[in-house]
Amino acid sequence: MAGISQKFTFTFFAGVSNNAWQRADVSRSMLGAAYGLWLILCVGFVAADEPAVKTSVRRDSKGVTLPKQVEKIDLSMSANWSEFGIKPSPVEEDLKWCRRVFLDVIGRIPSFEEFSEFAKDKGPDKRFSLVNRLINEDRYTEEYANNWSTVWTNVLIGRNGGMENRSLTNREGMQKYLRDCFARNKPYNEMVLELVTACGATKPGADGFNGATNFLAMKVNEEEGTQATAAVSRIFLGLQVQCTQCHNHPFNQWKQQKFWEFNAFFRQTRALRRYVPGSVNREVDHIELINEDFAGKGANAEKAEIYYSLRNGLTKVAYPVFLDGKEIDKSGYVSQVNRRDELGKLMMESPFLDKAIVNRMWAHFLGYGFTKPIDDLGPHNPTTQPQLFDELARDFRDTSYDLKQLIVWITMSQPYQVTSKITKDNASDEPSLGDPPKFSHFYTRQMGAEQLYQSLSVATQANRKGSLEEQQRRREEWTKQFVIAFGTDEGDETTTFNGSIPQSLMLFNGDLIKEAISLETGSWLHGLAQAKTTPTDKIQHLFIAGLGRRPRPEEVSVAQQILVKRKNEVGGMLQDMWWAILNSNEFIFNH
Amino acid sequence: MWSRFAPPSGMNRRHFMSHMAGAGALLGSSMSLGHSLRVHADTLKKNHKSCVMLWMGGGPSSMDIWDLKPGTDNGGPFKAISTSGDMQICEHMPLMAKQMHHMSIVRSMSTREADHNRGRYYMHTGYVPDANVDYPSYGAVLSHELMAQRSGLDIPPFVSVGGASEGPGFLGMAWAPFNVSSTGRIRNMEAKLEGDRLAQRRFALETIENSFIAQKRGTVLEDHRKVLGKTFDLLTSAQMEAFNVEKEPDAEKEKYGKNGFGQGCLLARRLVEAGVPFVEVDLGGWDNHTGIFPTLQNDRLPTLDKAMSALVADLSDRGLLEDTAIVWMGEFARTPRINAEGGRDHWARAWSVVVGGAGIKGGKAIGATDEDGMQVVTEPYSSEDLMASVCHGLGISLETTFTSRNGRPMKIANSGKIIKDLFG
């Protein structure tokens, strides 16, 4: 029984009169109406003078206040839809949308109680309130920070970073740093600056610990820091330079010279091994990322020359120059010029900094970015809705890089409100076929491995056991099974958690699923089986917990047939139904 | 005799109709999911054709293995030795030297992608990465075309051993690589369910699955259903025994080499015997920017030599080589010039691949590079040409056309030309 609030929930989900569901519908249509009104109001306001503060909000007749960037997105989308002769899908059902926003903002589906809370909310601005709860309320701070830390750990050091023996990166240190950033909503530009310029120890608890060092610690020692060069430009500036390491690239404005000029900023940096004191076998305790004087191949730190070879065998020299052509002092002495600090300053001025993050966040929520891939913003790569993209990037800089604002802009915009159901008026909007995304319906996509893990934890209340660190460690152990590394020096990797058979096998038979459907005393399912409710109620509970909806008649009928087959053993029937729910497309996809 | 509406190559009519029904139900007339139109029915031979790709992740230095330039500045320390074919190869490949009458070297590959990800994609698909279309890889294309010869096959038709390979692109997740480790052990296979419990669960699952698909929320959901179907088939199939490479006699394991790649090649042979149309076996560690020669001599080449020679000999002994294509390649090769760190960097302009089996002539060295290995001096060949040649060897018509779901026709192997010297 523990943890199952029967009375509460059935009032809202399974009551004889279905009142709650009707109420949910009413509130949805109210929101729809409010939204329409608000849109009309906004359009009316276009001509009006706006104060310079870009965070200003608009207010509609129902008192819903939204940042004006939402309107900006919607207007651009509408214009684009008209141009292509398509119409957006209707607004998504409330509870489906609720599931979507939980998954994207805090990395898991809502619990039974959270679904109920949302269904109960009758306010016209219930969606806006939910987003605000998820990003601002204390009860979600930890999960919010964890989710974004997970996302960014994978971006910065991959799923393998820090997982191998003798890795120079401490994964825990990376996560600790990122959790702290997101828990405190550190402005994005500050976070980037810290990641690019960090010095100190990689390991939590070590003297001079600075978790931000873990991004570069594994990328500076080998191959003259070329990995750091490629990763910093790609992740933070959306510029793919790795091809130009060895030659000028035909499709890229970057030339080989630029690669080595950018590379020069990382050449003072070393990752040093610090050993366990007194250890006979020189066991590595942690890594310290430092800056040291760099003399270059010319062995003269005044000039600190880097040499690289052209394909015709000629050798050329490079000094630190930022991608916009700004040069810094050539000296390799750290006391005169700290090259990474200089790089950080130059990056802070670059408009690519703004565009790269807006594109990343947009794609996180909407499945596709303004460019494909999202981290290739070079002029050779086509951009969809370039004006909107530019303006959002600028607005993001003007709001002091507040990621929570950006989340509100995107989640409250129409493309994020619409259903994933494809209509005859927008069937042509299918970016998986190769056309640019129009965002006229939500693009159904698979949950990530981490989202699945966290969602299962919540649905089966496994998240109520063990410390946060313990849960995180277990999750990473589990995620590891899907990672495949390519055999390159750049540490490229991919995942088989991609909708293929190994993933299905895991969901059919894996330990995680066995645990989720366990009937052992004390388990969630055992509690449900023992509860003093009818089998029909229990089935309804399962569907709401897993899918955020009540079962359809044919699904109830399947459950009843199974119950008969199992000679009225309710536990076994629940187990089979729960297994089916967890394996279904409706569960594993974000829609 | 052919008709515009003939089933795609290698599909029986029922299979084809089910494709059409699925595609039609989901998306109306605007698109038909990755099916191919057969043009010349009689070009197909149905002899259980297969392909084994030996993928050298990181970009192997082919001029140190298959196209040596001893005595030149770029040549490196390795000597060339004679082989059972009409060419010389590296002295550290003595076992392969005895098998080269089965295999041919194409020494005039010339490509443009020298970045790992781009090169891997290009060599696997015949297309450069394109923001707008996800192209299917070798394994997806070949298994899609060859699958109809295997109506009773439960094992996924595209198996990738010890590596990721590349995805199915617009053919959809049902043609994705089945990734296994070289031990052949498959995670989460053991379903110990009593009685008809699995059937009950399947019944419940399909009910939920189908009503969600009916809501038209995207084609990925249909793919998910297909993958579920294949997973159920595989759970209950006796054919999965083919993965049990542990069962091989010790001498056999020894012959291939008791390491990941060796056992992976042995597993590939078992899978080909079981009728799997495409197996990729991955050997990484070729990205030798520093100290390349000791790494090749002491580590990579002995591993490669043992496993590859055992595979070729074994397939030949078992009479499987005439129906099984073997393709050896990486994403590109390495700079002829040796860099200051004693390594070689990325080089795509002039390099070699090795192919054989399935009607491809053995024992030949096709094309040539110049004296220091920098340029191709004969007709250059591309990834497309190589893929077209492999398809031709396997009896897959080069007129096969895939129609992407937005109606754009795309010829198999990106309209590559057959490398004529490999045949006839």
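FYI, side chains are in, hydrogens and waters are out, and symmetry mates aren't considered; it's all heavy atoms of this structure. So you know, we letter chains A, B, ... as the sequences are listed, proteins then strands, and number each from 1.
Between chain B and the options A/A559, A/S557, A/P551, A/G510, heavy-atom pairs under 4.5 Å are most frequent for A/G510. Residue with the most contacts toward chain B among A/F543, A/Y443, A/W579: A/W579 (heavy-atom pairs, distance under 4.5 Å). When B/L228, B/V180, B/N339 are compared by the number of non-hydrogen pairs under 4.5 Å with chain A, B/L228 comes out ahead. Ranking B/M173, B/R201, B/K230, B/Q200 against chain A, the residue ahead of the rest is B/R201, based on heavy-atom pairs under 4.5 Å.
With rounding to the nearest 0.5 angstrom, the CZ atom of A/R552 is 3.5 Å from the OG atom of B/S211. To the nearest 0.5 Å, atoms CG (B/L221) and NE2 (A/H591) are separated by 8.0 Å. To the nearest 0.5 Å, atoms CG (A/D511) and CG (B/N188) are separated by 7.0 Å. If you take OG on A/S420 and CZ on B/F212, they are separated by 5.5 Å, rounding to the nearest 0.5 Å.
In this structure, chain A has no heavy atom under 4.5 Å from any part of B/E206. Interface residue A/N381: only side-chain heavy atoms are found under 4.5 Å from chain B. No part of B/S160 comes within reach of chain A, as not one of its non-hydrogen atoms sits under 4.5 angstrom from that chain. Looking at B/L234, the atoms closer than 4.5 Å to chain A (heavy atoms on both sides) all sit in the side chain, from C-beta outward. At a 4.5 Å heavy-atom cutoff, the contact between B/N179 and chain A is made by backbone and side-chain atoms alike. Contacts of A/R566 with chain B are made by side-chain atoms alone, with heavy-atom separations under 4.5 Å and no backbone atom involved. In this structure, no portion of A/L512 lies under 4.5 Å from any heavy atom of chain B. Looking at A/L547, the atoms closer than 4.5 Å to chain B (heavy atoms on both sides) all sit in the side chain, from C-beta outward.
Side-chain contact between B/E341 and A/E224 is present, with at least one heavy-atom pair separated by less than 4.5 Å. Two residues are said to be in side-chain contact when any heavy atoms from C-beta on lie closer than 4.5 Å; A/E555 and B/I208 meet this criterion. You'll find the side chain of A/Q446 stays beyond 4.5 Å of the side chain of B/V220, heavy atoms only. Between B/L205 and A/S584 there is a side-chain heavy-atom pair separated by less than 4.5 Å.
Counting non-hydrogen atoms of neighbouring residues, nucleotides and ligands closer than 6.0 angstrom, the CG atom of B/D73 reaches no more than 12 such neighbours. Atom NZ of A/K565 has 12 or fewer heavy atoms from other residues, nucleotides or ligands within 6.0 Å.
Of all non-hydrogen atoms in B/H224 and A/I588, the two that sit nearest each other are NE2-CG2, 3.7 Å. Closest non-hydrogen pair, B/A204 versus A/A580, comes out as CB-CB, 3.7 Å. Smallest separation of non-hydrogen atoms from A/T494 and B/A164: CG2-CB, 3.2 Å. The shortest non-hydrogen separation linking B/P156 to A/I501 is CG-CD1, 3.4 Å. Closest heavy-atom contact between B/V227 and A/S504: CG1-OG, 3.4 Å.
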TODO: Assess whether side-chain contact (heavy atoms from CB on, under 4.5 Å) is satisfied between B/R187 and A/Q481, documenting all intermediate values.
DONE: CA-CA 9 Å; B/R187 280 170 184 270; A/Q481 67 180 297; 3.4 Å; yes

TODO: May I have the step-by-step check of side-chain contact (heavy atoms from CB on, under 4.5 Å) for B/M189 and A/N509, ending in yes or no?
DONE: CA-CA 7 Å; B/M189 266 298 283; A/N509 297 326; 5.8 Å; no

Open item on the list: Assess the residue pair A/L505 and B/F178 against the criterion (side-chain contact (heavy atoms from CB on, under 4.5 Å)); give the C-alpha distance rounded to whole Å, side-chain angles, the decisive distance to 0.1 Å, and a yes or no.
Closed with: CA-CA 11 Å; A/L505 281 172; B/F178 182 52; 4.3 Å; yes

Open item on the list: Using the rule given for side-chain contact (heavy atoms from CB on, under 4.5 Å), can you reason through B/R217 versus A/F442, listing the C-alpha separation, both sets of side-chain angles and the distance that settles it, and then say yes or no?
Closed with: CA-CA 9 Å; B/R217 291 175 187 266; A/F442 189 79; over 6 Å; no

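Residues B/R197 and A/Q575 have side chains that bring a donor and an acceptor to within less than 3.5 angstrom of each other.
Taking the six-membered ring where the residue is Trp, the centroids of B/F232 and A/F508 are separated by under 6.0 Å.
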